[in-house]
Amino acid sequence: LMGIFDDYTKAPKYGSVRSCRLYYAHIAKEYDAVYMHYGQADIAKSYLNSDAIDNINGLEGSIESLVFYRSGDRPAPHNVFAKPDGIAAGIEKKGYRTQYAEGYGGHFVFSDGEEPVSLDGNPAAVMQTSFPASKSWFVYDETTNTYKRFQYKKEHIDGETGGQLAFTNVIFQFVPGRVIDGKGRMEFDTVGNGTGKYFTGGAYVDITWSKADLNTPSYFYDGNGDQLVMNPGKTCICIITTDSADNIGIYETAEAFSAP
């Protein structure tokens, strides 16, 4: 998982911070973000060391103690965190800008919130990804109008608040991908065009996506070819390989689903 935050001052801490995979850096770039990581896969080194992306690396000696700290409540390597003041200090030391680049317009179109987006689509009380390890899935909660996330056979819990992760919008984005080494590391072709599914309010519709190059955002479109209009709120994008797209599950009722 990779979290993307518009304002890093709004949470007390972030983590755990793990090592970089090249596709994470590519995704961070299209959000014009400062990418935080603690080490990296070899394949990502040249990209991170170039001027292509602003990034803060915990393995950089002068940065580690300035930005990151280790929590005593869990074992390494899952115990690296950063607080807003540390992030700000790292950004200042690296000389990175804190405003969006000129011309950056964002990825998404949200409704004004006065009238919720109600999909004229198929019911989706539960949807399951094709992720082989976590076997994650989402369950629609009518009381909060959100999809609650589960993984590893249980609720996915925010370590700070104790609440379950919940999203107003969930996108399944089907992307060509492949395993590139014996450790199971992946590579994804996020540039190009493809298909997906958009879930909100207990229903879903088929969508398409396009991305012109590594530096520009991914855009999502409805069945009419118009840019997708989503409900305001937290959004989870699940990047799923095209060759495993047939392995996802979408269930009209919670009773029809059996947890893995």
Side-chain angles (χ1 to χ4, degrees), residues 1-108 134 149 151 156-163 165 167 180-181 183-188 190 214-218 234-237 239:
L1 292 177
M2 182 175 75
I4 301 171
F5 306 92
D6 183 58
D7 184 351
Y8 66 83
T9 67
K10 291 186 176 180
K13 65 180 182 181
Y14 295 90
S16 61
V17 182
R18 300 298 304 276
S19 61
C20 168
R21 298 295 178 263
L22 183 57
Y23 49 85
Y24 284 150
H26 287 166
I27 292 170
K29 174 64 178 179
E30 67 173 273
Y31 285 87
D32 196 31
V34 176
Y35 177 47
M36 309 272 298
H37 60 103
Y38 203 94
Q40 64 283 314
D42 288 342
I43 193 174
K45 285 183 178 179
S46 61
Y47 186 71
L48 293 170
N49 291 335
S50 71
D51 294 329
I53 183 171
D54 292 347
N55 71 102
I56 297 176
N57 184 359
L59 291 187
E60 185 178 333
S62 62
I63 289 293
E64 181 179 18
S65 60
L66 182 66
V67 178
F68 301 97
Y69 71 96
R70 289 191 181 271
S71 171
D73 62 353
R74 63 185 70 192
H78 309 281
N79 62 346
V80 178
F81 289 83
K83 294 182 178 180
D85 56 350
I87 296 172
I91 290 173
E92 182 178 5
K93 182 175 180 62
K94 299 289 286 186
Y96 295 150
R97 56 183 165 80
T98 56
Q99 300 294 325
Y100 285 117
E102 184 178 354
Y104 176 77
H107 288 61
F108 309 116
S134 64
R149 192 178 193 274
Q151 64 175 7
H156 190 176
I157 300 299
D158 185 313
E160 184 69 17
T161 67
L165 268 62
F167 301 91
I180 59 173
D181 61 24
K183 295 184 179 180
R185 295 190 180 99
M186 298 288 294
E187 183 178 67
F188 298 95
T190 56
L214 286 177
N215 298 321
T216 54
S218 300
K234 292 181 179 178
T235 299
C236 180
I237 300 177
I239 293 182

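In terms of heavy-atom proximity, Glu160 sits nearest to Pro12 at OE2-CG, 3.6 Å. Taking all atoms of both residues into account, the shortest heavy-atom contact from Met2 to Tyr35 is SD-CE1, 3.9 Å. Residue Leu48 comes nearest to Gln40 through the heavy atom pair CD1-CB, 3.6 Å, listed as atom of the first residue, atom of the second, then distance. Taking each heavy atom of His156 and Leu1 in turn, the nearest pair found is CE1-CD1, 3.1 Å. Taking all atoms of both residues into account, the shortest heavy-atom contact from Gly58 to Tyr38 is CA-CD1, 3.5 Å.
In this structure, CE in Met36 is found 12.5 Å from CG in Asp54, a value given to the nearest 0.5 Å. Here Ser16 contributes atom OG and Phe68 contributes atom CZ; the two are 11.5 Å apart, rounded to the nearest 0.5 Å. Annotation: the span from Phe167 atom CZ to Ile237 atom CD1 amounts to 10.5 Å, rounded to 0.5 Å. Summarising the geometry, atom CD belonging to Glu187 is positioned 5.0 Å from atom CD1 belonging to Ile43; distances are rounded to the nearest 0.5 Å. In this structure, Tyr23 OH and Met186 CE are separated by 7.0 Å, a value rounded to the nearest 0.5 Å. The distance from the CD1 atom of Ile180 to the CZ atom of Phe188 is 9.5 Å, given to the nearest 0.5 Å.
With sequence neighbours excluded, the residues that form a side-chain hydrogen bond (donor to acceptor under 3.5 Å, both in side chains) with Thr235 are Asn169. Partners of Glu30 under the side-chain hydrogen bond (donor to acceptor under 3.5 Å, both in side chains) rule, at least two apart in sequence or in another chain, are His107, Lys211, Ser218. The ring pair (Phe, Tyr, Trp, His ring centres under 6.0 Å) check on Tyr47 picks up His26, with sequence neighbours excluded. A search for side-chain hydrogen bond (donor to acceptor under 3.5 Å, both in side chains) contacts involving Lys93 returns nothing, not counting sequence neighbours. Checked against side-chain hydrogen bond (donor to acceptor under 3.5 Å, both in side chains), Glu92 has no partners two or more places apart in sequence or in another chain.
In Asp51, the CG atom is not crowded: 12 or fewer heavy atoms of neighbouring residues, nucleotides or ligands sit closer than 6.0 Å.
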Going by atom type alone, with no hydrogens or angles, which donor-acceptor pairs under 3.5 Å involve a side-chain atom of residues 75-88 and a protein atom two or more places apart or on another chain?
{"from": "His78", "atom 1": "ND1", "to": "Arg18", "atom 2": "NH1", "distance (Å)": "3.1"}
{"from": "Asn79", "atom 1": "OD1", "to": "Arg70", "atom 2": "NH1", "distance (Å)": "2.6"}
{"from": "Asn79", "atom 1": "ND2", "to": "Ser71", "atom 2": "O", "distance (Å)": "3.4"}

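Contact of the Phe108 side chain with the Pro217 side chain is not registered, since no non-hydrogen atoms from C-beta on lie closer than 4.5 Å.
Using modelled atom types, one finds a donor on one side chain and an acceptor on the other under 3.5 Å when comparing Tyr100 with Asp6.
Each of Val34, Asn57, Ile63, Asn55 was scored for a side chain to side chain contact (heavy atoms under 4.5 Å, CB included) with Lys94, with one residue passing: Ile63.
Checking side-chain atoms of Arg97 against main-chain N and O of Gln99 turns up a donor-acceptor pair under 3.5 Å. For Asp32 (side chain) and Ala101 (main-chain N/O), a donor-acceptor pair under 3.5 Å exists by modelled atom type.
In this structure, Tyr14 has its ring center at least 6.0 angstrom away from the ring center of Tyr8.
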